[in-house]
Amino acid sequence: MRTHTLRAALILCAAASLAAATAPASSAAPTAHTARRAPAPVLVDCLWHPRVRPADFILACGDGNSRLGSLHWKRWGTRAAVAEGVNAVNDCKPYCAAGRFHSFAVKVRLDQPKPWKKHPQTRHYTRMTLTYTDGRPSGFERVVTYPLWD
């Protein structure tokens with residue numbers, strides 16, 4: 001009888017171990033390894049497309065007379081993104097259609113992420129700060145901050 005009880009206990013333990021090993025992962029308690037991080041915010045472009053780490057970005061959506069290019073992202077996080085690149089700005093002399101583009105080295109910082117009105121489940125950066133590192137367009141300050149659209 002005692003052998004029977006011991007054998008039954010071993011079979012029950014083995015069955016319980018097997019059940020625990022084959023249980024779906026969703027029934028397990030979350031750990032640091034299984035917890036999901038919120039996705040980083042996006043940068044919304046002129047055509048309302050969400051972009052992550054874009055190589056270029058149009059600042060003047062109406063006429064394209066100011067744009068960022070050659071962007072190399074150093075960081076793209078949940079609170080801010082930082083890149084280096086070039087701001088090409090049309091001098092509009094004698095008028096914009098006949099003007100020339102001039103390029104200026106710039107550091108770009110995106111921050112103030114908020115839910116995007118078009119897609120509330122998606123966060124997007126709402127502010128861009130440009131810091132000119134070697135010359136700047138006529139009439140521009142060394143540091144320029146732009147609100148980004150919702």
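We number each residue from 1, following the sequence as shown.
Put simply, Phe140 and Val143 are part of two different groups of oily side chains (I, L, V, M, F, W, Y) that touch within less than 4.5 Å, one to the next. Leu71 and Met128 fall within a single hydrophobic cluster, where Ile, Leu, Val, Met, Phe, Trp and Tyr are joined by side-chain heavy atoms under 4.5 Å apart, directly or via other members.
Rounded to the nearest 0.5 angstrom, Thr126 OG1 and Asp111 CG are separated by 7.0 Å. A distance of 13.0 Å separates CZ in Arg136 from CG in Leu130, rounded to the nearest 0.5 Å.
For the pair Leu68/Leu59, a side-chain contact is recorded, criterion being any heavy-atom separation below 4.5 Å from C-beta on. Ser66 places a side-chain heavy atom less than 4.5 Å from the side chain of Asn87. Side-chain contact between Arg142 and Thr131 is present, with at least one heavy-atom pair separated by less than 4.5 Å. Between Phe101 and Asn65, the closest side-chain pair of non-hydrogen atoms falls below 4.5 Å. At least one side-chain heavy atom of Thr145 sits under 4.5 Å from a side-chain heavy atom of Arg127.
Minimum interatomic distance between Asp91 and His102 (heavy atoms only, all atoms of both residues): OD2-NE2, 2.8 Å. In plain terms, the two heavy atoms of Phe57 and Asp45 that are nearest each other are CE1-CA, 3.7 Å. When all heavy atoms are compared, the tightest approach of Val86 to Ser103 is CG1-CB, 3.3 Å. Between Asn90 and Cys96, the shortest heavy-atom distance links the atoms ND2-O, 2.9 Å. Summarising the geometry of Arg75 relative to Arg109, their closest heavy-atom pair is NH2-NH1, 3.6 Å, with the distance given to 0.1 Å. Closest heavy-atom contact between Gly77 and Ala40: O-CB, 3.8 Å.
Using cut-offs of 30° and 60° for the angle between ring planes, the Trp76 and Trp73 rings count as perpendicular. Using cut-offs of 30° and 60° on the angle between ring planes, the pair His124 and Trp116 is tilted. Using cut-offs of 30° and 60° on the angle between ring planes, the pair Trp149 and Trp48 is perpendicular.
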